[in-house]
Amino acid sequence: MAIAPAQIPTSFGHELRACLRCRLVKTYDQFRESGCENCQFFKMEEDHERVVECTTPNFNGIISVMDPSRSWAARWLRIGKFAPGVYTLAVSEALPEEMQAICEDERVQYVPPKRL
């Protein structure tokens with residue numbers, strides 16, 4: 001069974017944000033309207049403050065992945081099990097502790113960004 005693709009950003013300007021857990025890239029409005037396809041347990045569409053807490057405008061690079069399970073780049077970036085969509089190569093901020101606790105409660109892995 002194929003995984004439904006994530007929304008593709010409707011613009012590529014300053015309004016783009018990346019999910020701090022899965023690195024999915026969408027506009028602020030898209031996260032506010034439909035949340036994150038990979039991190040639905042954050043319920044961003046229900047609590048708009050969560051969009052700001054769980055996403056960041058500070059990220060490096062973008063990759064579009066059509067078939068994550070077959071893409072070597074997706075596996076290398078550890079997004080091979082996520083929905084097809086647009087992802088960032090790296091985020092520089094960590095998920096807030098409260099959101100990390102939600103990941104633990106949901107038994108979902110969270111890998112913080114590497115410090116340079």
Side-chain angles (χ1 to χ4, degrees):
M1 186 166 104
I3 298 173
Q7 286 181 314
I8 303 300
T10 54
S11 68
F12 283 90
H14 295 289
E15 63 275 1
L16 285 182
R17 298 185 70 87
C19 176
L20 290 170
R21 181 188 159 261
C22 71
R23 302 191 314 258
L24 180 68
V25 174
K26 301 194 318 186
T27 65
Y28 172 84
D29 289 336
Q30 287 174 309
F31 276 116
R32 192 171 45 81
E33 291 167 8
S34 61
C36 177
E37 285 83 349
N38 300 310
C39 307
Q40 294 177 353
F41 49 86
F42 286 150
K43 299 179 179 161
M44 292 185 218
E45 66 279 7
E46 295 175 17
D47 182 356
H48 298 165
E49 284 296 313
R50 290 256 172 109
V51 174
V52 176
E53 293 172 356
C54 298
T55 66
T56 180
N58 303 315
F59 55 86
N60 295 314
I62 288 180
I63 183 172
S64 294
V65 182
M66 295 176 66
D67 189 350
S69 65
R70 295 181 57 195
S71 166
W72 69 266
R75 288 192 306 270
W76 182 70
L77 291 168
R78 296 187 179 115
I79 58 174
K81 294 184 180 177
F82 293 152
V86 178
Y87 291 86
T88 180
L89 302 178
V91 294
S92 55
E93 301 173 33
L95 197 59
E97 288 184 19
E98 177 186 338
M99 299 299 116
Q100 289 182 35
I102 290 173
C103 289
E104 286 179 28
D105 293 345
E106 294 288 326
R107 291 183 168 82
V108 175
Q109 183 180 21
Y110 167 67
V111 179
K114 294 178 179 146
R115 300 288 176 207
L116 298 176

message: I'd like to know whether CZ of Arg78 has more than 12 heavy-atom contacts from other residues, nucleotides or ligands below 6.0 angstrom.
response: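 Count not over threshold, so no.
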
Nearest-0.5 Å distance that lies between atom [atom1] in [X] and atom [atom2] in [Y]:
| X | Y | atom1 | atom2 | value |
| --- | --- | --- | --- | --- |
| Leu95 | Thr56 | CG | OG1 | 11.0 Å |
| Cys39 | Tyr110 | SG | OH | 10.5 Å |
| Cys22 | Gln109 | SG | CD | 12.5 Å |

Any [X] side-chain heavy atom under 4.5 Å of [Y] side chain:
| X | Y | result |
| --- | --- | --- |
| Phe41 | Cys103 | yes |
| Val91 | Asn58 | no |
| Val86 | Ser64 | yes |
| Arg32 | Met44 | no |

For the hydrophobic clusters of this structure (ILVMFWY residues joined by side-chain heavy atoms under 4.5 Å, transitively), does one cluster hold both [X] and [Y]?
| X | Y | result |
| --- | --- | --- |
| Val111 | Ile79 | no |
| Phe31 | Val25 | yes |
| Val108 | Met99 | yes |
| Leu77 | Leu24 | yes |
| Leu89 | Phe59 | no |

Tell me the closest heavy-atom pair linking [X] and [Y], and the distance in Å.
| X | Y | answer |
| --- | --- | --- |
| Ile63 | Ala73 | CD1-CB, 3.8 Å |
| Pro113 | Ser92 | CG-C, 4.2 Å |
| Ala74 | Val65 | CB-CG1, 3.9 Å |
| Gly85 | Ala6 | CA-CB, 4.4 Å |
| Leu20 | Glu93 | CD2-O, 3.5 Å |

message: Evaluate Leu16 against Ile62 for side chain to side chain contact (heavy atoms under 4.5 Å, CB included), listing each step before the verdict.
response: CA-CA 11 Å; Leu16 285 182; Ile62 288 180; 4.3 Å; yes

message: Please evaluate residues Tyr87 and Asn38 with respect to the criterion side chain to side chain contact (heavy atoms under 4.5 Å, CB included), reporting the C-alpha separation (whole Å), side-chain torsions for both, the decisive distance (0.1 Å), and the verdict.
response: CA-CA 11 Å; Tyr87 291 86; Asn38 300 310; 2.9 Å; yes

- request: Report the C-alpha distance between Phe42 and Cys36 in whole Å, list the side-chain angles of each, state the deciding distance to 0.1 Å, and finish with yes or no for side chain to side chain contact (heavy atoms under 4.5 Å, CB included).
  value: CA-CA 8 Å; Phe42 286 150; Cys36 177; 5.8 Å; no

field: Flag, side chain of Arg17 to backbone of Gln30, donor-acceptor distance under 3.5 Å
entry: no

- request: State whether a side-chain donor-acceptor pair under 3.5 Å links Glu15 with Thr27.
  value: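 No, Thr27 and Glu15 have no side-chain donor paired with an acceptor closer than 3.5 Å.
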
message: Run the side chain to side chain donor-acceptor pair (under 3.5 Å) test against Ser34 and tell me which residues pass, sequence neighbours left out.
response: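 Residues passing side chain to side chain donor-acceptor pair (under 3.5 Å) with Ser34: Gln7, Lys26.
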
- request: Check the pair Arg50 / Ile102 against side chain to side chain contact (heavy atoms under 4.5 Å, CB included), numbers first and verdict last.
  value: CA-CA 12 Å; Arg50 290 256 172 109; Ile102 290 173; 3.8 Å; yes

